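Data block below; observations after.
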Amino acid sequence: MGAIGLVLLLFVQSGGALEIYGPSAQRARRGSDALIPCSFTVDKPPVDPKYFAVFWYFKGYEILSYYNNVVKTQDPRFSLNTMNSLNGNASLSISRVMMSDEGVYTCSIIYSPERKEKEVTLHVQAAPEINIPERVMVTNRQSILRAAITGFYPVDINVKWFRDGEILNNYTVSTPQRNQDGTYNVTSEVTIMPTEEDKHRTFSCRVQHESLFGPLHEDFQLEFAEGPTSEDSAHRPVILGIVPPLIVLILTACVLIYTYRVRKSKRESKFLK
Ligand SMILES: *[C@@H]1O[C@H](CO)[C@@H](O)[C@H](O)[C@H]1NC(C)=O
Ligand SMILES: *[C@@H]1O[C@H](CO)[C@@H](O)[C@H](O)[C@H]1NC(C)=O
Ligand SMILES: *[C@@H]1O[C@H](CO)[C@@H](O)[C@H](O)[C@H]1NC(C)=O
């Protein structure tokens with residue numbers, strides 16, 4: 001139809017009394033399919049397609065249009081159900097939502113000569129993952145349990161640690177690190193002194209985030225390694241590692257000094273002749 005057609009459409013009389021409504025914010029999880037709601041009513045439904053047009057904008061740019069029974073879109077992930085649209089539901093569907101889809105959408109409905117628009121903010125959420133790579137501890141040695149909590153959005157997150165359901169207080173949460181896709185990572189560390197009894201206890205890292213329906217938790221048991229029995233044995237591997245190269249070094253130095261001296265004295269004796 002083009003711009004001229006649209007202008008004409010604006011001046012042609014239709015049923016009238018267009019009203020637009022719907023929520024002003026919507027949430028969607030990254031990777032899921034989202035619906036940006038936009039509903040409208042007219043005096044005498046259904047609408048006459050001849051006088052009807054829908055435009056969707058994202059951050060001010062047109063991303064989808066529907067008029068003359070044709071839907072045009074900038075991205076195949078955006079779609080509009082044309083049947084529903086003629087019946088008062090011009091909601092925009094977005095498949096496989098990405099972090100970059102977050103922002104303000106504008107739904108603009110034209111039912112000539114009327115035009116109404118509504119803004120809807122899409123909040124994209126990404127659920128965290130918990131990874132606790134190291135669970136091997138030594139009894140009676142102060143140790144740190146470390147959890148990597150990754151890929152979440154928005155940034156606010158709550159981390160807690162438990163031992164057999166009892167809260168552990170001695171923990172830290174790092175400042176969030178931002179990933180390229182806009183999600184965040186944090187690291188949480190809890191200091192523990194593993195005892196014999198801990199061999200049978202369940203440890204848990206629990207994360208609360210607005211993308212989750214309930215807390216996410218990683219439950220696990222500590223694995224115990226045989227600890228060294230004394231300070232000496234702790235240092236022995238270090239000594240064993242350092243001493244042989246040291247001997248080689250000293251021997252090399254002796255040989256070098258010796259050959260240098262021999263050569264020097266040979267040269268000197270030549271001059272003396
Ligand atoms: C509006 O249409 C979409 C499909 O485009 C559908 O998923 C949604 O449930 C409809 N909403 C209402 C309120 O009927
Ligand atoms: C808490 O952790 C710190 C080091 O992070 C440690 O010095 C302290 O002894 C710990 N306290 C308890 C009660 O475990
Ligand atoms: C966040 O964690 C993921 C998964 O472990 C990792 O690939 C990424 O590099 C981390 N990002 C930052 C900013 O540390």
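Computed from a predicted model, the values in this text were never measured in an experiment. Counting starts at 1 for both ligands and their atoms, in listed order.
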Which protein heavy atom lies closest to atom 7 (O) of ligand 1, and at what distance to 0.1 Å?
-> Leu35 CD2, 3.9 Å
Option nearest atom 6 (C) of ligand 3 (shortest heavy-atom distance, choices Thr150, Asn185, Asp181) | Asn185
Who's the nearest protein heavy-atom neighbour of atom 9 (O) of ligand 3, and how far?
-> Asn179 OD1, 4.5 Å
Looking only at protein heavy atoms, what sits closest to atom 11 (N) of ligand 1 is Asn89 ND2, 2.8 Å
Ligand-residue contact atoms, ligand 3 with Gln177, heavy atoms, under 4.0 Å | 13 (C)
What protein heavy atom sits nearest atom 5 (O) of ligand 1, and how far away is it?
-> Asn81 CB, 3.3 Å
Relative to each other, are the rings of Phe220 and Trp161 parallel, tilted or perpendicular (30° and 60° limits)?
-> perpendicular
Under-4.0 Å heavy-atom contact between protein and atom 2 (O) of ligand 3 = yes
Identify the closest protein heavy atom to atom 4 (C) of ligand 1: which residue and atom is it, and at what distance?
-> Asn84 ND2, 3.4 Å
Grab the two heavy atoms, one from Ser211 and one from Ala127, that are nearest each other, plus how far apart they are.
-> OG-CA, 3.2 Å
Look at the aromatic rings of Phe78 and Tyr105 and report parallel, tilted or perpendicular, splitting at 30° and 60°.
-> perpendicular
Could you check if a side-chain atom of Val47 sits within less than 4.5 angstrom of a side-chain atom of Phe40, using non-hydrogen atoms only?
-> yes
Of all the atoms in ligand 3, which lie at a distance below 4.0 Å from a heavy atom belonging to Arg178?
-> 13 (C)
